[in-house]
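Being a predicted model, the structure only gives us computed values, none of them experimental.
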Amino acid sequence: MLDPRSVRTDPDTVRASQAARGADPTVVDRYLDIDAARREAIGRYEQLRAEQKQLGKRIGPAQGALKRADEADRRARQDEVDALLTQAAGLAEQVKAAEAQAADLQQQLDVIALDLDNVVDPAAPVGGEEDFVVLAEVGHPRDFPTEGFTPRDHLEIGARLRAIDVERGAKVSGSRFFYLTGDGALLEIALLNLAISLATGNGLTPVIPPALVNPAAMEATGFLGQAAENVYHLADDDMYLVGTAEVPLAGYHGDEIIPAGDLPLRYVGFSPCFRREAGSHGRDTRGIIRVHQFDKVEMFTYCAPEDAVAEHEQLLRWQREFLDLLEIPYRVIDVATGDLGASAARKFDIEAWIPTQGRYREVTSTSNCTTFQSRRLNIRLRSGEGTVAPLATLNGTLVAMPRVIVALLENHQTRDGDVRVPPALRPFLGGREALTAP
RNA sequence: GGAGGGGUGCCGGAGUGGUUGAACGGGGCGGUCUCGAAAACCGUUGUGCGGGUAACCCCUGUACCGAGGGUUCGAAUCCCUCCCCCUCCGCCA
């Protein structure tokens, strides 16, 4: 949600942002029209309401006077009370109508406000999905022909190691489900432990959040908008399965006012993630690149708006450090405006090199949501001067298990199909230097 | 799942229809006193929205006593629905 005041005072910026996203800029003008009508309606209602309260204050005493009145006075007193009540009844009707009108316009504004995405960061590259800018390339993809063998894909390696089982995943749950078994399961646990130990070492608070949330939490984090078709909904209970720990981590401080001195608040959550993957039929059908359920370690920060850009860079640094430790070649891209989520002002993705695909695939993503998300969640900060203001929220993947496992298996495979364990991960795998077939 | 109790401001806790945004206590903040501190005393203490302002402070109006409806001239107070919390029983990782 944008600040209504800033939309009012600086509509051109919002229009330009909408255009950069490939979204409809004329929403701004409809928004402004409704906002103007709303403010007028509120004024009308409040004035009538003030009159009603003034009048109401005279009724009590008048009725008291009637009760105490003697015979001679009774008639006059009764007339006075009746007159007041008649007047008040008429006013009450007007108040009710004015209130309904104001409420209706407020609701209209709330609805259209959902069509206004966050204002993009001027630093973000303008364009569509293909218009990203590569910020860095790290490591070198291996030259398998020179090494003298053809790389196996993660599914083949996973089957050989008895680490990944998609057939049984399909048998029990359906397509896009999988089992991690043996070293596969141990690998995820090792990645989890490495990630959490790094994150806590950096001062983040570890959190294991609920993965099932109510509609308000889902709505406030923006996942019931364009992304709604990818969200699992439990109709009997009207609950949602989260697609990321961002949802419960963002909702955690909902409706709170946080002292500025407590900021930044940094969390690292571990949760299962559920995604319907509607509209991606036929894409990434082989292996575990795109699945309906996976585990993820996600960082989440609440900070002062002026610190958000620096915080965004910090999250990106932590993400890079993790992949550096895993010795996976990757590149960092600055995602273009047209490919940003509705709540992100800027987004960096890290894409890992996948040898058998001969290309980079997204493994992490970090978004600066500025004050957009906190407005919907009603999270604010209290400054030293005692004033309250919205704060910024940012999120970033530390490790999305399946894709990192894919990258790890494929990039570190040996000629005979074993997998070298990068040194940083060894302490979490009992010191083992390689994963080998059982 | 069954039975009962309860949701009021930063916290505790009053308040059953009319100057109640809300008594009282605690806490916080400011001040007096003190070399300083404590104690004591005095004062102050929310948020959203609209208007006065382009904006802050400020002034003013209005809304907010779990949420949403209703009754009424008027609702924290009465009615309905829902949500949440607590206690006991049952079931259960």
In RNA chain B, consecutive runs of at least three Watson-Crick or G-U pairs below 3.5 Å, as range with range, amount to B:1-7 with B:83-89, B:10-12 with B:24-26, B:27-32 with B:40-45, B:46-52 with B:58-64, B:66-70 with B:78-82

Side-chain donor-acceptor pair present, [X], [Y], cut-off under 3.5 Å:
X	Y	answer
A:Thr436	A:Asp418	no
A:Lys296	A:Thr244	yes
A:Arg21	A:Gln18	no
A:Glu156	A:Gln413	no

Kindly compute the distance separating CZ (A:Arg375) from CG (A:Asn118), expressed to the nearest 0.5 Å. 8.5 Å

Strictly by ring-ring contact (aromatic ring centres under 6.0 Å, His included), give each pair with a member in residues 237-272 of chain A just once, sequence neighbours left out. A:His233-A:Tyr240, A:Tyr252-A:Tyr267, A:His253-A:Tyr267, A:His253-A:Tyr302

Just the rounded figure in Å: distance from [atom2] of [N] to [atom1] of [X].
X	N	atom1	atom2	answer
A:Ile379	B:U47	CD1	P	17 Å
A:Ile257	B:G48	CD1	P	7 Å
A:Asp255	B:U47	CG	P	15 Å

Could you pull out the protein-nucleic contacts involving nucleotides 51-55 of chain B (nitrogen or oxygen on both sides, under 3.5 Å)?
| unit_1 | atom_1 | unit_2 | atom_2 | d |
| --- | --- | --- | --- | --- |
| B:G51 | OP1 | A:Arg39 | NE | 3.2 |
| B:G51 | OP1 | A:Arg39 | NH2 | 3.2 |

Taking [M] as the reference, what is the distance to [N] when you measure between their [atom1] atoms (whole Å, please)?
N	M	atom1	answer
B:U71	B:U19	C1'	23 Å
B:G4	B:A93	P	28 Å
B:C65	B:G70	P	15 Å
B:C10	B:C49	C1'	23 Å
B:G48	B:C56	P	12 Å
B:G7	B:C92	C1'	28 Å
B:G66	B:U8	C1'	10 Å
B:C73	B:G15	P	28 Å

Output yes when A:Arg361 and A:Asp284 qualify as a salt bridge under the 4.0 Å nitrogen-oxygen rule, no when they do not. yes

In terms of side-chain geometry, is the basic nitrogen of A:Asp153 or A:Arg286 positioned less than 4.0 Å from the acidic oxygen of its partner? yes

Nearest heavy atom decides the nucleotide; on that basis, is A:Lys57 or A:Val388 closer to the 5' end of RNA chain B? A:Lys57

Salt bridge (charged side-chain N to carboxylate O under 4.0 Å, His left out) filter on A:Arg382, not counting sequence neighbours, yields none

When all nucleic acid strands are considered with a 4.0 Å heavy-atom cut-off, which category describes A:Arg382: base, sugar-phosphate, or nothing? sugar-phosphate

Would you tabulate the side-chain donor-acceptor contacts of residues 185-211 of chain A under 3.5 Å, counting partners in other chains and residues two or more places apart, or write 'none'?
| unit_1 | atom_1 | unit_2 | atom_2 | d |
| --- | --- | --- | --- | --- |
| A:Asn193 | ND2 | A:Ile189 | O | 3.1 |
| A:Ser197 | OG | A:Asn193 | O | 3.4 |
| A:Ser197 | OG | A:Leu194 | O | 3.2 |
| A:Thr200 | OG1 | A:Ile196 | O | 2.8 |
| A:Thr200 | OG1 | A:Ser197 | O | 3.3 |
| A:Asn202 | ND2 | A:Leu198 | O | 3.3 |

Base contacts versus sugar-phosphate-only contacts with protein, heavy atoms under 4.0 Å: please encode nucleotides 58-82 of chain B as B, S and - from 5' to 3'. ---BBS-------S-BS--------

Tell me the closest heavy-atom pair linking A:Gly287 and A:His154, and the distance in Å. CA-NE2, 3.2 Å

Do A:Asp165 and A:Glu167 have side-chain heavy atoms sitting under 4.5 Å apart? yes

